[in-house]
Protein chains: 2
Amino acid sequence: MRDNNDMPGHLARRFQQIAVAVFHAEVEAAGYDLTPVQYAALSAIGMNQGIDQITLAGLIAYDRTTITGVVDRLVQKGLLVRNPSSRDRRARELRITEEGMRALQGITPAVEAAQRVMLRGLTKEEVEEFMRLLRKAIAAGNELSRAPLKQISAEGTKGS
Amino acid sequence: MRDNNDMPGHLARRFQQIAVAVFHAEVEAAGYDLTPVQYAALSAIGMNQGIDQITLAGLIAYDRTTITGVVDRLVQKGLLVRNPSSRDRRARELRITEEGMRALQGITPAVEAAQRVMLRGLTKEEVEEFMRLLRKAIAAGNELSRAPLKQISAEGTKGS
DNA sequence: CATTTCTTGACAGTATACTGATAATCAGCA
DNA sequence: TGCTGATTATCAGTATACTGTCAAGAAATG
């Protein structure tokens, strides 16, 4: 019988666990309280001011039902504002606040450090190859998840 | 600013999402209702009859508080039994049932298929390299997670 | 304009994962 | 033996992720 540790899915889960733990540790040490998911959302909104939640979900490959809670918490922390869209009354426009911008900039070194720590076992060349293989595997499987990545074409309101 | 898609942590999350979705799809198509986490636990118990929950957690790198719920659900499905240990009244001995054994065997082809599907974008050589890099990165980061892998020394009651 | 269809956002329910706390028990030691 | 510290399992609380469902609104169509 095949050992669990020969299963790519199992290894993926373990690596993700480590990645999240490292992220938390580095970010907390820097004095911030943001999860990896919240950081990715905040960062994506900062680069695409005014997008709605579905577009955000596509940008970072989150499920649309997950976005609601993530945005809730970011709004509660004062890092985002969520306003009804004027063009489409179903949609909510997401904008990063001044405080959110400061948090994003302040947290960046910790996030960069986390990426290094979680791959500290690999050489520089191995890191490159690892990322390449991850991207390739993800590209081939993108549509198999309920939350596929969806790049915006060419109309996103570019921020700052 | 660095794009989210250049972050290994973000890529890890995405690959894990795909891996879980593929697992669910393949297993459901085969007529079973087991999550990846439940499968790994069931499989580990099948190979180590009578282990307690902490040992199980170490074997598959789960948090000890997560194990409780996973075992609960497997017991509820009739695939496991959880009995007080005679040697240590704090501990619960986990044993796979006949039905659990049948489920484990019946589900194996679907699990194998899932591993192939989630890596369908990679060549055979790339799959090998990907797994090697995953294992290497995980080994270096193992202790950074609250749920590190802990192999049992040499006394586990080998099953079947 | 009226109707059908799609889309956006939200909710209930389930299943990981984690933090931190606690009860019960065991093991080592004065 | 009695005390102290470690260990096993559990629980409360929080945060992803997903299934499935629903209401409100937009878009397409007759």
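Bear in mind the structure is a predicted one, so any value in this text is a computation, not a measurement. In what follows, chains are A, B, ... by sequence order, proteins preceding strands, each numbered from 1.
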Closest to the B:I54 side chain, choosing from C:dC26, D:dT19, D:dA9
D:dA9
What pairs of nitrogen or oxygen atoms, one from the protein and one from nucleotides 13-16 of chain C, lie under 3.5 Å apart?
from   : atom 1 : to    : atom 2 : distance (Å)
C:dT16 : OP1    : B:T35 : OG1    : 2.8
C:dT16 : OP2    : B:Q38 : NE2    : 3.1
C:dT16 : OP2    : B:R73 : NE     : 2.7
C:dT16 : OP2    : B:R73 : NH2    : 3.0
C:dT16 : O5'    : B:R73 : NH2    : 3.3

Phosphate-side-chain proximity, B:R92 and D:dT10, N/O vs OP1/OP2 below 4.0 Å
yes
Of the nucleotides C:dA17, D:dT10, C:dA10, which has the atom closest to the B:D63 side chain?
C:dA17
Return the minimal non-hydrogen interatomic distance between B:A40 and B:I60, and the atom names on each side.
O-CG2, 4.0 Å
Students often mix this up, so state it plainly: with edges at 30° and 60°, are the rings of A:F23 and A:Y39 parallel, tilted or perpendicular?
tilted
In whole angstrom, what separates A:L59's CG from C:dT8's C1'?
16 Å
For the side chain of B:T65, starting at C-beta, report the closest nucleotide among C:dG9, D:dT10, C:dA17.
D:dT10
Do B:I96 and B:L56 sit in one hydrophobic cluster, given that two such residues count as connected whenever their side-chain heavy atoms are within less than 4.5 Å of each other, even indirectly?
yes
Winner on side-chain proximity to B:R146, out of C:dG20, C:dG9, D:dT10, is C:dG20
Has A:R82 got a side-chain N or O lying under 4.0 Å from the OP1 or OP2 atom of C:dA10?
yes
Using atom CZ of A:R64 as one end and atom C1' of D:dT19 as the other, report the distance to the nearest whole Å.
10 Å
Taking B:R120 for the side chain and A:A140 for the main chain, is one N or O donor matched with an acceptor at less than 3.5 Å?
yes
Are the side chains of B:E126 and A:R132 in contact, using a 4.5 Å heavy-atom criterion?
yes
Report yes if the side chains of A:V20 and A:M118 come closer than 4.5 Å at any heavy-atom pair, otherwise no.
no
Nearest whole angstrom, please: distance from the P of D:dA26 to the CZ of A:R87.
11 Å
Mind checking if A:A21 touches a base, just sugar-phosphate, or nothing, with heavy atoms under 4.0 Å?
nothing
When the distance from NZ of B:K150 to P of D:dT8 is rounded to whole Å, what number comes out?
9 Å
Return the value, rounded to whole Å, for the distance between atom CG of A:D72 and atom P of C:dA12.
12 Å
Just so I know, are the side chains of A:R14 and A:N5 near enough to count as touching, which here means a heavy-atom distance under 4.5 Å?
yes
Taking only side-chain N and O atoms of B:R89, does any of them lie within less than 4.0 angstrom of OP1 or OP2 on C:dA24?
no
Taking atom P of C:dT25 as reference, at what distance in whole Å does atom CD of B:Q53 sit?
16 Å
B:L94 CG to D:dT8 C1': how many Å, rounded?
12 Å
Determine whether B:Q38 and B:K77 make a side-chain contact, defined as any pair of heavy atoms from C-beta on separated by less than 4.5 Å.
yes
Proximity to the side chain of B:S145 - top-ranked nucleotide from D:dT10, C:dC18, D:dT19
C:dC18
What about B:R90, does its side chain sit under 3.5 Å from the base of D:dT8 through a donor-acceptor pair?
no
For A:D88 and B:D88, take the nucleotide of DNA chain C holding the closest heavy atom to each; which residue's nucleotide lies nearer the 5' end?
A:D88
What is the distance from CD1 of B:I51 to P of D:dT8, rounded to the nearest Å?
12 Å
